[in-house]
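Everything below concerns the one structure shown next.
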Amino acid sequence: MIKRIIISVIIMTALIIGGCRMSMPFMEEEEPESMELTDQQKQILSKEGLPHDYSKLDYRYKEYLRITDKMMTYINEKYKKYDVHFTYLAYHAPELLDGGSRILVIPDGYDPSIDVVTVKVKSGIFGGYEDDYLEFVTRAVYEEVLTDYFAKIIPRDKFRVYVSSVTLKDKVSPDDIPMIDKDFILDTHLSSGTFIYISEAVCEPGDEFVEFTKEYFKWLQDNQFDGWQDLYLYMDEGIQHLTPQEHASTRGDYAIESTFGNNYNEDKIYNLERDTLDYLKVEREE
């Protein structure tokens, strides 16, 4: 899943399709007619444009508030000792194929349009909640590691790196969060989905870009990083203003794309400006 790219779409869908979002499958417990709302509950209701008068909420909204409030309490209590606080963004109703309810939250100090943490109901008979904050922290630091790598080769204003997802292959626990820095990442085996936008002004199409891609692939192997990688040689000088929602394939203003994963033996680099796709094979080291 390309999490960061579709996250704004998820939020917009969750906010627009109110009926789907608020339709609760059942009442787990009897709700009181009225109650004094906490600040957290008021923030949730405000985000959804609902009144702070509990008696004016119908049973669907009361159940929605109860579930969302529990998930917000879960994640804020879990990471309280790390001085991390989360703000509610949106509720995602349970669907047929993806299990229970989930909410989208944002750690303080991050961009809600791209840096989102998911809290969801655990599957199985024991219940409870789970979240992906550990992967979120790892992804953010790994993105810094990649940025440092490219900054040694290319001026910082001539490229942009987005890590859309990270899967940890080494066992890491929430207690490791204070230690997750660049050195920690370089000693960790992980898999990622990554987008790299590079200005054509600093890397010529053809052999230069092929060699650049090969060197990057070798660096990934040396550091036990894998997953899929999308490199775009971009014609627009405004690379630093790109957002994940402005994915290059939807804009048509890049010259060459190189896509590869850890199991590929060769890349197909192609020029999308031409009527016929002229593939250039890139030999990979075993």
Side-chain angles (χ1 to χ4, degrees), residues 1-11 71 74-76 78-79 82-90 92 98 102-120 129-151 156 159-198 216-217 219-232 239-240 242-248 259-262:
M1 298 293 296
I2 307 178
K3 182 175 179 182
R4 295 182 70 195
I5 293 177
I6 66 170
I7 203 68
S8 291
V9 177
I10 295 175
I11 294 174
M71 286 194 277
Y74 151 80
I75 194 165
N76 275 314
K78 180 177 179 179
Y79 297 105
Y82 306 116
D83 294 325
V84 181
H85 179 267
F86 298 86
T87 299
Y88 171 76
L89 288 178
H92 186 58
D98 69 356
R102 66 187 67 190
I103 61 172
L104 304 178
V105 300
I106 177 72
D108 290 351
Y110 287 88
D111 183 348
S113 67
I114 55 177
D115 296 315
V116 176
V117 173
T118 300
V119 183
K120 62 182 181 180
Y129 306 106
E130 59 186 355
D131 63 86
D132 61 359
Y133 179 63
L134 186 57
E135 289 77 11
F136 171 91
V137 173
T138 305
R139 181 200 54 72
V141 180
Y142 180 56
E143 194 169 274
E144 294 177 9
V145 169
L146 289 179
T147 298
D148 288 349
Y149 167 79
F150 285 106
R156 283 184 178 267
F159 73 93
R160 191 71 184 266
V161 174
Y162 288 118
V163 178
S164 63
S165 61
V166 165
T167 301
L168 296 166
K169 296 192 174 182
D170 293 334
K171 187 174 182 180
V172 181
S173 74
D175 290 335
D176 293 316
I177 287 176
M179 298 181 291
I180 297 179
D181 56 15
K182 295 176 184 178
D183 290 335
F184 182 95
I185 293 298
L186 288 169
D187 289 332
T188 301
H189 186 193
L190 59 79
S191 179
S192 73
T194 306
F195 294 87
I196 302 103
Y197 305 116
I198 304 167
Y216 175 52
F217 184 78
W219 179 83
L220 291 171
Q221 287 183 318
D222 291 344
N223 288 280
Q224 297 188 77
F225 299 144
D226 57 42
W228 56 262
Q229 315 288 322
D230 271 5
L231 281 78
Y232 293 91
I239 284 180
Q240 291 300 317
L242 281 175
T243 67
Q245 293 76 36
E246 295 176 313
H247 184 250
T259 301
F260 62 88
N262 52 298

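Positions are given from 1, in the same order as the sequence printed here. It should be emphasised that the depicted structure is a prediction, and the values quoted were computed from it without experimental measurement. Computed over heavy atoms, backbone and side chain alike; hydrogens, waters and symmetry mates excluded.
- Using a 4.0 Å cut-off between charged side-chain N and carboxylate O, Asp132 and Lys120 make no salt bridge.
- Residues that satisfy the salt bridge (Lys or Arg N to Asp or Glu O under 4.0 Å) test with Asp176, not counting sequence neighbours, are absent from this structure.
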The test is side-chain contact (heavy atoms from CB on, under 4.5 Å); show your working for Val105 and Val119 and say whether it passes. CA-CA 8 Å; Val105 300; Val119 183; 4.2 Å; yes
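- Remark: Tyr88 OH to Ile106 CD1 distance equals 14.0 Å, nearest 0.5 Å.
- Note that Arg139 lies in the cation-pi zone of Phe136, set by a 6.0 Å cut-off to the ring centre and a 45° limit from the axis.
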Given Val117 and Phe86, is the side-chain contact (heavy atoms from CB on, under 4.5 Å) satisfied, shown in steps? CA-CA 9 Å; Val117 173; Phe86 298 86; 4.2 Å; yes
Apply the test side-chain contact (heavy atoms from CB on, under 4.5 Å) to residues Asp226 and His189: give CA-CA distance (whole Å), side-chain angles for both, the deciding distance (0.1 Å), then the verdict. CA-CA 8 Å; Asp226 57 42; His189 186 193; 3.4 Å; yes
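- Side-chain contact between Thr138 and Val172: absent, with no pair of heavy atoms (C-beta onward) separated by less than 4.5 Å.
- The side-chain heavy atoms of Asp181 and Glu144, taken from C-beta on, include no pair separated by under 4.5 Å.
- A distance of 12.5 Å separates CD1 of Ile196 from OH of Tyr162, quoted to the nearest 0.5 Å.
- A pairwise comparison of heavy atoms in Pro174 and Leu134 identifies N-CD2, 4.3 Å as the closest pair.
- The minimum heavy-atom distance between Met179 and Phe184, with the atom names listed, is O-CB, 3.3 Å.
- Glu143 CD to Ile185 CD1: the interatomic distance, rounded to the nearest 0.5 Å, is 11.5 Å.
- For the pair Tyr133/Ile177, a side-chain contact is recorded, criterion being any heavy-atom separation below 4.5 Å from C-beta on.
- Evaluation of the salt bridge (Lys or Arg N to Asp or Glu O under 4.0 Å) rule for Asp222 yields Lys218 as partners, not counting sequence neighbours.
- Atom CZ of Phe150 has more than 12 heavy atoms from other residues, nucleotides or ligands within 6.0 Å.
- The salt bridge (Lys or Arg N to Asp or Glu O under 4.0 Å) search around Asp175 returns Lys81, not counting sequence neighbours.
- In plain terms, the two heavy atoms of Gly227 and Ser191 that are nearest each other are CA-OG, 3.4 Å.
- Taking CD1 of Ile198 as the reference point, atom CZ of Arg160 lies at 14.0 Å (rounded to 0.5 Å).
- Relative orientation of the Tyr129 and Tyr74 rings is tilted, given thresholds of 30° and 60° on the angle between their planes.
- Using cut-offs of 30° and 60° for the angle between ring planes, the Tyr142 and Phe225 rings count as perpendicular.
- Rounded to the nearest 0.5 Å, atoms CG (Asp108) and CG (Asp83) are 11.0 Å apart.
- Between Arg102 and Asp131 there is no salt bridge, since no side-chain nitrogen of the basic residue lies less than 4.0 Å from a carboxylate oxygen of the acidic one.
- His85 NE2 to Tyr79 OH: the interatomic distance, rounded to the nearest 0.5 Å, is 14.5 Å.
- Nearest heavy-atom pair across Ser164 and Thr194 is OG-N, 4.5 Å.
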